[in-house]
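Here the structure is laid out as structure tokens; the discussion comes afterwards.
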Amino acid sequence: MSQRIIRSIAKKERQRVEEVVHEDNTREGLVSADADLTFLMSEHTKVSAEDQALLNKFARSYQQQNQLKAELKEAKTLVENINEASDEILLLDDEDSASIPCRIGSCFVHFNGDSLNEHLEGKKASAEKVLAQKTTELNTITEEMERIKKVLYGKFGDQINLDADE
């Protein structure tokens, strides 16, 4: 008798935890909110497997877009920091530019002004290459999302909302 009660309590607690986790994941965008779209649609509009696949692809693309935006912001910051460092090195006189510490990984390496400028130019070129690559990826994903939006809005009209609330 007591084991049945314990199992019942454990089952209810497991269900409660699953509901909380699903709610948190939906709120954070980890589970697409369009998974329950069929319940929100009117009875006249049916969601086919292809439509659900497009909705899922849109949700994945949206997550990728947000990730790329964050990476793009980091890359821009890196390029700006390198530019500022290069400008500061140009302002140093000969005596101060004889030994400039530069952090590489978790240690500092001393450079003279000219070799540090060369090092920073290499870093800047690499960062700008990453910046261009991320920008291209972001544009590609955004174009794909716009194409999917047109298809889904064409079928479902104002019954769905695929625009981000920012």
Short question: side chain of Y62, backbone of L162 - any donor-acceptor pair under 3.5 Å? no

Using 0.5 Å steps for rounding, measure from the CD atom of E74 to the NZ atom of K134. 9.5 Å

Flag for Q52-N56: side-chain donor and acceptor within less than 3.5 Å: yes

Quick check: do H119 and C102 have side-chain heavy atoms less than 4.5 Å from each other? yes

Under the criterion side-chain contact (heavy atoms from CB on, under 4.5 Å), which of I141, T140, N66 is the partner of S61? I141

Do the side chains of L54 and F156 join up, straight or via other hydrophobic residues, at under 4.5 Å, putting them in one cluster? yes

Would you indicate whether the side-chain heavy atoms of E146 and E143 approach each other to under 4.5 Å? no

When you compare the side chains of D51 and S48, does any donor N or O come within less than 3.5 Å of an acceptor on the partner? yes

Any heavy-atom pair between the side chains of N161 and Y153 that's under 4.5 Å? yes

State yes or no: do I82 and F108 share one hydrophobic cluster built from I, L, V, M, F, W and Y residues joined by side-chain heavy-atom distances below 4.5 Å, directly or via other members? no

What heavy-atom pair brings L116 and I89 nearest, and what distance separates the two atoms? CD2-CD1, 3.2 Å

In this structure, CD of E71 is separated from CD of Q133 (nearest 0.5 Å) by 9.5 Å

Which atoms form the tightest heavy-atom contact between L92 and I100, and what is the distance? CD1-CD1, 3.6 Å

Linking I/L/V/M/F/W/Y whenever their side-chain heavy atoms sit closer than 4.5 Å, directly or via other members, would V79 and L120 fall into one cluster? no

Over all atoms of both residues, closest heavy-atom pair of A127 and L78: CB-CD2, 3.8 Å

Would you say that more than 12 heavy atoms from the other residues, nucleotides or ligands in this model lie under 6.0 Å from the NZ of K149, or not? yes

Any side-chain heavy-atom pair from E144 and K57 closer than 4.5 angstrom? yes

Q63 versus Q67: any side-chain heavy-atom pair under 4.5 Å? no

Output yes when a side-chain donor or acceptor of T135 lies under 3.5 Å from a complementary backbone atom of L131, and no otherwise. yes

What's the separation between atom CZ in R147 and atom OG1 in T142, rounded to the nearest 0.5 Å? 13.5 Å

